[in-house]
There are 2 protein chains.
Amino acid sequence: MKVKTRWLAPSEQRAWRAFVDVHQKLPSRLARRLQATGNLSMADYIVLVALADAPHGRQHFLELAQSVDWERSRMSHHLSRMNKRGLVAREDCPKDGRGVHVAVTPAGRAAIEEAAPGHVATVRRLVIDPLSPEELDMLTRLCEGILDRLEADLL
Amino acid sequence: MKVKTRWLAPSEQRAWRAFVDVHQKLPSRLARRLQATGNLSMADYIVLVALADAPHGRQHFLELAQSVDWERSRMSHHLSRMNKRGLVAREDCPKDGRGVHVAVTPAGRAAIEEAAPGHVATVRRLVIDPLSPEELDMLTRLCEGILDRLEADLL
DNA sequence: CCATCATTGATGACGCGTCAACCATCGGTT
DNA sequence: AACCGATGGTTGACGCGTCATCAATGATGG
């Protein structure tokens, strides 16, 4: 049996709209900056940060994929593209013939070190710094609440 | 001259992480549901809602693009795909030989009417309903604040 | 040692979004 | 009428993400 749909009330609609707009516009702005300053995509940035943080700038393929929460296929495709641009290199894993190591190249390290400060500054300017400690805390709670519900809802 | 970068403090990092995660996982969950229940993408949904709300289920191409804030090219590509699936039809505009009208087909209307209630229910369940009125208001303020800064910052 | 099964990654196909180039039409000017 | 800039829309190329499939390797049980 069917229940009549409760559409969103105006205040709810406004909240939802703002929420949707933010995650439509903020990422694209961040991406644009990143592209402009270092010719990196968000995906490049994520991978490079993960690798640069790892010892010797290298990691197993699978660890890397898990640490950034990507599917293998996505990682494989993206590494191919980054590899073609000289940001990253694949190396055979001696321990496991199936495995692959991924390493940042010097060019990759240079790219991330050039891009990171500007990126963080933009995030601060647009999101973090204007918030009071209470507001920052509220943001955390709201987002983590949604994440909790995402896990609870279906799985 | 160069200023030393202020990286994110732990509490800031946690907030930012939660924020990013939400915007990574929530949309993909919503998209999955939409796909599962009606074989529609988010983009399809957005277009169909806009058209279904318009008088006679039709709108000028450009109005449509503006009302959902898409570039023309994107709209054109997407309409081609939707058209191929029978959700939407293009019609010549009698007033302006360059213009194009876009209309929902009966199949398109059926699709949106089947998908919308479930979509709204999911949004309510995951985001809106668990929030107190004060929290909803806070969410709105936080998001609108970011949007304001986005407009202020570079333009 | 061999058969089987699971895991690691790569690959190809497809939908989606952006950018740049392009073509048609409109509206006003001369 | 012939031109010309502005407007409306399409197209092709490319990067990105997902899915399904596949090859190679490793682990396990007989």
Side-chain angles (χ1 to χ4, degrees), chain A residues 23-36 38-48 59-103, chain B residues 23-36 38-48 59-103:
Chain A
H23 82 253
Q24 222 123 61
K25 292 173 183 163
L26 181 56
S28 86
R29 173 68 58 86
L30 292 173
R32 227 164 256 286
R33 298 274 169 132
L34 222 41
Q35 198 71 44
N39 197 33
L40 292 180
S41 68
M42 281 286 188
D44 298 334
Y45 184 86
I46 290 172
V47 169
L48 290 176
Q59 238 185 323
H60 286 290
F61 180 97
L62 195 57
E63 281 174 39
L64 178 59
Q66 285 166 346
S67 77
V68 301
D69 197 25
W70 283 6
E71 295 182 15
R72 293 150 196 242
S73 168
R74 179 179 178 185
M75 186 56 81
S76 180
H77 279 302
H78 201 77
L79 289 180
S80 296
R81 290 184 293 250
M82 292 181 75
N83 180 46
K84 207 176 312 177
R85 293 192 291 142
L87 298 172
V88 126
R90 284 191 238 241
E91 304 167 356
D92 289 353
C93 173
K95 297 296 193 184
D96 186 332
R98 301 167 298 181
V100 169
H101 287 310
V102 186
Chain B
H23 292 72
Q24 220 123 59
K25 291 174 182 161
L26 182 56
S28 85
R29 174 76 121 255
L30 292 173
R32 226 164 258 286
R33 298 271 169 133
L34 222 42
Q35 198 72 45
N39 198 33
L40 293 180
S41 69
M42 281 285 189
D44 298 334
Y45 184 86
I46 290 172
V47 169
L48 288 176
Q59 238 185 323
H60 286 288
F61 180 98
L62 195 58
E63 283 174 37
L64 179 59
Q66 285 166 347
S67 77
V68 301
D69 197 26
W70 283 6
E71 296 182 14
R72 294 159 188 206
S73 166
R74 177 177 179 185
M75 186 56 83
S76 181
H77 280 303
H78 201 78
L79 289 180
S80 296
R81 290 183 294 249
M82 291 180 75
N83 180 46
K84 206 176 312 177
R85 294 193 290 142
L87 298 172
V88 126
R90 283 190 239 242
E91 303 165 356
D92 289 353
C93 172
K95 296 297 190 183
D96 186 333
R98 300 165 295 179
V100 169
H101 287 309
V102 186

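Naming convention: chains lettered A, B, ... in sequence-line order (proteins, then strands); numbering from 1 in each chain. Any value given below was found using the heavy atoms of this structure, including those in side chains, with hydrogens, waters and symmetry copies removed.
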Self-check item: Considering all heavy atoms, the nearest A43(B)-H78(B) contact
Solution: CB-CE1, 3.3 Å
Quiz prompt | Interatomic distance, R85(B) CZ vs dC14(C) C1' [rounded to whole Å] | solution = 13 Å
Self-check item: Atom CZ of R90(A) with >12 non-hydrogen neighbours under 6.0 angstrom
Solution: yes
Exercise. Taking all non-hydrogen atoms of both residues into account, name the closest pair between L34(B) and Y45(B) and its distance.
Key: CD2-CB, 3.6 Å
Exercise. Give the rounded distance in Å between these two atoms: NZ of K25(B) and P of dG17(D).
Key: 16 Å
Quiz prompt | Nucleotide dA13(D), atom C1' - distance to CZ of R81(A) in whole Å | solution = 15 Å
Exercise. Tell me, with the steps shown, if Q59(A) and H101(A) meet side-chain contact (heavy atoms from CB on, under 4.5 Å).
Key: CA-CA 6 Å; Q59(A) 238 185 323; H101(A) 287 310; over 6 Å; no
Exercise. May I ask you to evaluate whether S41(B) reaches the phosphate of dG15(C), defined as a side-chain N or O under 4.0 Å from OP1 or OP2?
Key: no
Quiz item: Where along residues 61-75 of chain B does a heavy atom fall under 4.0 Å from DNA chain C?
Solution: E71(B), S73(B), R74(B)
Exercise. Please state whether the phosphate of dA10(C), meaning OP1 or OP2, lies under 4.0 angstrom from any side-chain nitrogen or oxygen of R90(A).
Key: yes
Self-check item: Ring-on-base stacking dT11(C) with H77(A) (under 5.5 Å, under 30°)
Solution: yes
Exercise. Could you check how far CD of Q35(B) sits from P of dC19(D), rounded to whole Å?
Key: 10 Å
Exercise. Mind calculating the distance between NE2 (H78(A)) and C1' (dA10(C)) to the nearest angstrom?
Key: 16 Å
Quiz prompt | D44(A)-S41(A) side chain donor-acceptor pair, cut-off 3.5 Å | solution = yes
Quiz prompt | Residue R98(B), side-chain atoms from C-beta onward, closest of dC19(C), dA10(C), dA24(C) | solution = dA24(C)
Practice problem: Would you tell me if any nitrogen or oxygen in the side chain of R32(A) comes within less than 4.0 Å of OP1 or OP2 on dC19(C)? | Solution: yes
Exercise. May I ask you to test the L87(A)-L40(A) pair for a side-chain heavy-atom distance under 4.5 Å?
Key: yes
